[in-house]
Amino acid sequence: MTDTLFTSIREGERWFINQFGEDETFDATKRLIHLWDKEILLLYMNGLVDGEVLTTLMTEMQDRNELFTSESVENIDRAMVDYFPYHSLEVVKDEDQLAKVILSGLAVFVMKDGFTFALDVRSYPGRNPEEPDTEKVIRGSRDGFTENILTNTALIRRRLRTTDLRFEMHETSVKGKTDIAITFLKGAANEGHLNFVRERLDALETDGLTMTDKSLEEFLFKQGFHPMPFVRYTERADICAAHLLEGHIAIIVDTSPSVILVPVTLVHHLQHAEEYRQAPLIGTFIRMVRFAGTFLSLVMLPFWYLMSVEKQFVPEAIKYIGPNEWGEVPLFVQLMIADVGIEILRMAAIHTPTPLSTAMGLVAAIVIGQVAIDVGLFSSEVVLYVAVSAILTFAIPSFELSITTKVFRIFLLVSAALLGAPGFFIALAVIYYYLCSLKPMNVPYLWPFTPFFPKALLRVLIRFPMTIDDPRPFITKSPNRDRMS
């Protein structure tokens with residue numbers, strides 16, 4: 001037969017032993033079984049297959065013995081494929097494909113004459129879809145992506161019931177064999193952007209993507225030491241579906257609960273689903289407050305320090321700004337200790353078991369903060385402004401952008417401490433120039449501020465009613481910007 005992979009069952013057994021060793025790994029399972037007095041080799045990875053489903057299928061086949069006698073069926077191998085009572089079955093024709101399907105969790109049957117086929121009876125360990133902790137909404141769906149790529153594609157397909165939705169499967173890494181699905185709407189996504197992602201995936205050379213989507217981001221965009229996030233991560237299927245309708249591309253990595261969205265700009269990291277779960281006016285208000293809070297989280301602390309040490313530039317009406325008692329520790333050192341200390345507390349909260357996190361927060365906020373003021377280490381205004389800056393930073397929807405904002409804030413603070421007012425404004429100009437220079441996937445990172453697009457900027461600042469026709473964003477370069485056609 002042309003579809004025969006091996007010459008015999010024994011050859012298939014030798015191949016399996018050569019690949020996985022003889023009893024070297026307990027989960028690599030091979031069994032010689034008999035169906036209708038026919039010897040068959042069964043190969044699978046224990047823990048990745050649904051044993052109950054596999055047993056039920058073989059039991060049903062065993063009961064159909066009358067169909068598979070030498071008198072009634074001329075070719076027993078082809079009969080197995082034609083009559084096996086299961087919807088997902090494929091013939092395996094080469095050894096690389098065989099290794100892939102076994103490692104992916106399929107059960108493989110090798111017949112007497114070497115004919116080989118696989119059943120998709122995968123049962124990956126994982127959790128049920130639940131609301132992501134980082135993207136919660138007051139009203140809205142409570143399901144989110146999981147570590148199972150099949151579950152994630154189903155969550156998207158459930159929201160976009162269109163034949164234009166595509167899941168283009170790729171396999172990357174030499175040893176890890178990580179499954180990656182490029183997701184897009186045909187006719188909405190730009191072909192140039194799709195080719196960029198495909199070419200970068202094909203050129204990717206690594207032994208494994210253990211950090212899944214984050215590792216993939218660095219390979220796709222050659223991120224290096226750039227602090228800014230070049231992609232948007234989301235764990236919500238509704239956010240992913242909304243971006244697909246706009247012409248964006250989603251990249252789903254198996255074993256990751258986050259989906260990568262490209263291309264994106266700075267404003268995409270500042271948007272949140274809650275804005276679209278409220279009335280347009282309320283959504284606009286929420287968006288404006290978030291934008292203002294993001295800007296203040298960057299400049300408020302270093303600008304307050306500048307006004308505290310450069311009193312000659314402060315108008316008489318606000319001369320009260322600045323600490324009344326400076327203490328023994330320089331103000332710059334106080335701010336650095338407090339700001340970095342907040343970040344340490346954040347990391348400690350992540351690593352602290354949930355029952356103890358509340359107690360840790362109380363100790364940090366009440367005991368340490370108050371005692372530091374009482375002994376003269378910090379002034380009360382330092383604690384106030386550092387705390388407000390931290391709260392403003394936590395209000396940024398994107399965790400990656402919030403950390404970057406803290407890094408830029410420290411850069412502004414150090415510049416103001418070294419060079420005074422000129423240092424602060426020079427550092428601010430350097431940050432702006434750096435952001436203008438970023439063009440991941442040839443998309444301006446500060447769009448629509450730079451280059452300036454008035455209509456697009458209006459739609460960024462204002463959450464328009466959904467009844468108003470909203471074309472696909474210019475930066476997606478969609479071949480069809482009209483969403484209603």
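Arg142 CZ: more than 12 foreign heavy atoms inside a 6.0 Å radius.
For the residue pair Ala118 and Val92, the shortest heavy atom distance occurs at CB-CG2, 4.0 Å. The heavy-atom pair separating Glu131 from Lys136 by the smallest distance is OE2-CA, 3.3 Å. Summarising the geometry of Glu90 relative to Val101, their closest heavy-atom pair is OE2-CG1, 3.9 Å, with the distance given to 0.1 Å.
By the 30° and 60° cut-offs, the orientation of the rings of Phe408 relative to Tyr434 is perpendicular. Between His269 and Tyr445, the angle of the ring planes lies from 30° to 60°, which puts this pair in the tilted group. Using a 30° and 60° split on the angle between ring planes, His243 and His268 fall in the tilted class, from 30° to 60°.
Inter-residue side-chain proximity for Val110 and Leu5 is flagged as unmet; no heavy-atom pair is nearer than 4.5 Å. Residues Lys214 and Tyr233 are in side-chain contact: their nearest non-hydrogen atoms beyond the backbone lie under 4.5 Å apart. Phe167 places a side-chain heavy atom less than 4.5 Å from the side chain of Ile252. The side-chain heavy atoms of Val386 and Ile342, taken from C-beta on, include a pair separated by under 4.5 Å. Residues Thr116 and Val91 form no side-chain contact, since every pair of their non-hydrogen atoms from C-beta on lies 4.5 Å or further apart.
In this structure, Lys100 pairs ionically with Glu171, as a charged nitrogen and a carboxylate oxygen lie closer than 4.0 Å. Look at Arg290 and Glu275 and you find a salt bridge, because one of the NZ, NE, NH1 or NH2 atoms lies within 4.0 Å of a carboxylate O, short of that distance. Residues Glu246 and Arg472 are not paired through a salt bridge, judged by the lack of any N-O separation under 4.0 Å between the basic side chain and the carboxylate. Note on Arg198 versus Glu191: salt bridge recorded, some NZ/NE/NH1/NH2 to OD/OE distance being below 4.0 Å. We find that Arg277 and Asp238 are joined by a salt bridge, their nearest charged nitrogen and carboxylate oxygen being less than 4.0 Å apart. Electrostatic pairing of Arg127 and Glu147 counts as a salt bridge here, judged by a charged N lying under 4.0 Å from a carboxylate O.
The cationic atom of Arg200 (NZ for Lys, CZ for Arg) does not lie both less than 6.0 Å from the six-membered ring centre of Phe219 and within 45° of the ring axis.
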Does the side-chain contact (heavy atoms from CB on, under 4.5 Å) test come out yes or no for Val299 and Arg409, once each step is laid out? CA-CA 7 Å; Val299 303; Arg409 182 168 70 230; over 6 Å; no
For side chain to side chain donor-acceptor pair (under 3.5 Å), just list the numbers for Gln271 and Tyr276, CA-CA rounded to whole Å, side-chain angles, deciding distance to a tenth of an Å, and then say yes or no. CA-CA 10 Å; Gln271 294 177 344; Tyr276 295 91; 4.7 Å; no
Please lay out, stage by stage, how Tyr432 and Thr450 fare under the test side chain to side chain donor-acceptor pair (under 3.5 Å). CA-CA 10 Å; Tyr432 178 73; Thr450 306; 2.7 Å; yes
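Annotation: ring-ring contact (aromatic ring centres under 6.0 Å, His included) contacts of Phe20 (sequence neighbours excluded): Phe16.
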